[in-house]
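Because the structure is a prediction, the values reported are computed rather than measured. Values below: all heavy atoms of this structure, side chains included; hydrogens, waters and symmetry mates excluded.
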Amino acid sequence: MMNPTVSVIVPIYNVSRFLPECIESVINQTYDDFELILVDDGSTDDSGDICDNYAKADNRIRVIHKPNGGLTSARNAGLNIATGEWIMHLDGDDWIDSEILKVLVAAGDKQSADIVFGDFLMVSDNDSRPNSALDWLVVGGEFSLKNYISSVWTTAWGSIVRRRIYSQNRIYSPTEITYCEDFHLMVRLCFFANRVVHVSIPLYNYRQRSSSVMHNLNKRTELDEQWAYQDIIRFFKEQNVYADYKTVMNWRVLKSAQELLLNPADLDRFHELYKDGRRDMWSCPFVNTKVKILAWMMTHHLQPLVVAIDKLRMLLGR
């Protein structure tokens with residue numbers, strides 16, 4: 001297809017069990033002016049063959065086979081060949097409602113938006129429930145990036161973004177991390193968008209899997225989250241707007257660094273990350289009172305007391 005309205009990019013790695021449902025949810029859209037870009041990221045199961053077989057039967061499908069480089073690498077590969085006016089990201093183990101492209105594109109065109117967020121269903125083996133985490137992101141009739149940064153859910157999937165926002169600002173998914181990559185990407189896209197709108201209909205099905213990164217948080221994901229927030233702070237400083245986002249970013253930094261407060265060996269690292277949040281900790285919505293008290297001590301030159309508390313915790317096994 002030449003210049004479709006929407007490019008749907010699907011990064012794929014060993015999801016053959018779910019992939020047909022994902023692909024068919026796209027090709028069965030009521031809105032058919034799209035291209036589907038399937039990026040086989042070095043799968044070792046038959047995901048690549050499934051992609052090729054669907055592409056043979058539908059000329060709207062394009063397939064990339066590449067060595068394994070991770071989710072963000074696959075998304076970037078798809079973005080590099082996308083030709084649509086809008087970009088949609090869809091994970092290979094999820095699926096979308098047949099109306100999603102029609103609804104989101106119509107909302108984007110009607111409201112002259114650069115980004116359209118939709119709601120989603122969180123689906124497990126035994127349950128599905130809607131998530132409307134974006135309802136409160138509108139302030140005075142307009143999208144609030146500050147509220148978005150301080151919200152729980154920031155995902156690259158479930159939305160459409162005008163491709164020119166990516167190309168004009170040279171925005172790509174960060175390949176340095178495997179966790180918090182969606183937040184890193186979406187904050188930049190929202191920053192450069194002239195208008196962001198929200199459709200309060202759950203049209204994306206987000207499959208809950210025990211093997212996903214979201215269900216396996218560890219030291220590596222903690223480091224990834226810290227890197228993402230520091231890089232966004234650097235970005236805001238480059239744009240000369242850091243003062244506008246300082247409080248909400250300090251909330252995020254404290255969230256990512258809270259475990260460091262519980263180990264004497266990590267306290268210097270906490271100081272390094274949480275440099276200027278002295279006035280913002282008490283309003284942070286992400287951490288409990290215990291963490292706030294320890295952070296207050298650290299920012300008021302009471303590190304020896306924090307060390308003593310940490311050692312007592314270790315001694316008592318708490």
Side-chain angles (χ1 to χ4, degrees), residues 1-102 104-105 118 120 123 155-163 166-167 171-175 178 181-182 185-186 189 203-209 211-214:
M1 294 181 62
M2 296 298 293
N3 300 322
T5 300
V6 185
S7 295
V8 181
I9 299 173
V10 183
I12 296 161
Y13 181 72
N14 290 354
V15 288
S16 60
R17 175 185 171 190
F18 309 110
L19 189 53
E21 182 178 25
C22 174
I23 294 174
E24 289 176 20
S25 74
V26 181
I27 63 180
N28 291 326
Q29 289 291 300
T30 58
Y31 184 94
D32 62 2
D33 186 16
F34 66 84
E35 64 176 355
L36 173 57
I37 302 174
L38 304 175
V39 186
D40 171 26
D41 189 40
S43 296
T44 57
D45 64 3
D46 59 349
S47 293
D49 292 335
I50 293 172
C51 293
D52 291 337
N53 289 334
Y54 273 100
K56 290 175 183 177
D58 193 324
N59 64 6
R60 297 173 298 180
I61 299 176
R62 305 166 69 187
V63 180
I64 298 173
H65 297 284
K66 61 181 287 296
N68 180 254
L71 172 69
T72 55
S73 171
R75 282 180 178 167
N76 291 340
L79 185 62
N80 282 336
I81 69 166
T83 60
E85 178 185 354
W86 295 94
I87 299 294
M88 168 178 271
H89 292 295
L90 167 62
D91 285 356
D93 52 355
D94 297 338
W95 73 100
I96 51 179
D97 184 275
S98 62
E99 294 282 308
I100 189 170
L101 295 186
K102 177 181 177 181
L104 297 189
V105 170
F120 59 93
V123 183
T155 67
W157 44 257
S159 60
I160 57 173
V161 180
R162 293 198 189 269
R163 183 164 59 91
Y166 284 92
S167 60
I171 298 175
Y172 286 90
S173 292
T175 57
T178 59
E181 71 281 1
D182 284 6
L185 173 68
M186 294 307 300
L189 292 172
L203 298 172
Y204 187 102
N205 296 281
Y206 172 46
R207 192 187 305 274
Q208 302 290 285
R209 289 202 293 152
S211 60
S212 70
V213 172
M214 286 295 294

Test item: [X] side-chain N/O and [Y] main-chain N/O as donor-acceptor pair under 3.5 Å:
{"X": "D182", "Y": "A156", "answer": "yes"}
{"X": "N14", "Y": "S43", "answer": "no"}
{"X": "R207", "Y": "D93", "answer": "yes"}
{"X": "S16", "Y": "D45", "answer": "no"}

May I have the step-by-step check of side chain to side chain contact (heavy atoms under 4.5 Å, CB included) for S159 and L104, ending in yes or no?
-> CA-CA 8 Å; S159 60; L104 297 189; 5.7 Å; no
Which atom of [X] lies closest to which atom of [Y], heavy atoms considered:
{"X": "G92", "Y": "V10", "answer": "CA-CG1, 3.7 Å"}
{"X": "E35", "Y": "P4", "answer": "CG-CG, 3.6 Å"}
{"X": "M186", "Y": "T155", "answer": "CG-O, 3.5 Å"}

Test side chain to side chain contact (heavy atoms under 4.5 Å, CB included) applied to Q29 and V8, step by step | CA-CA 12 Å; Q29 289 291 300; V8 181; over 6 Å; no
Determine, stepwise, if the pair I23 / I50 fulfils side chain to side chain contact (heavy atoms under 4.5 Å, CB included).
-> CA-CA 10 Å; I23 294 174; I50 293 172; 4.2 Å; yes
Near-ring test W157/F120, centroid separation under 6.0 angstrom = yes
What do the steps show when you test R75 against D91 for salt bridge (Lys or Arg N to Asp or Glu O under 4.0 Å), and what is the final call?
-> CA-CA 10 Å; R75 282 180 178 167; D91 285 356; 3.3 Å; yes
Checking L101, I100, I96 against L203 for side chain to side chain contact (heavy atoms under 4.5 Å, CB included), the one that qualifies is I100
Set of residues satisfying side chain to side chain donor-acceptor pair (under 3.5 Å) with respect to N205, sequence neighbours excluded | none
Which residues pass the salt bridge (charged side-chain N to carboxylate O under 4.0 Å, His left out) test with R162, sequence neighbours left out?
-> E85, D109, D114
For C22 and D94, what are the C-alpha separation, side-chain angles and deciding distance, and is it a side chain to side chain contact (heavy atoms under 4.5 Å, CB included)?
-> CA-CA 6 Å; C22 174; D94 297 338; 5.9 Å; no
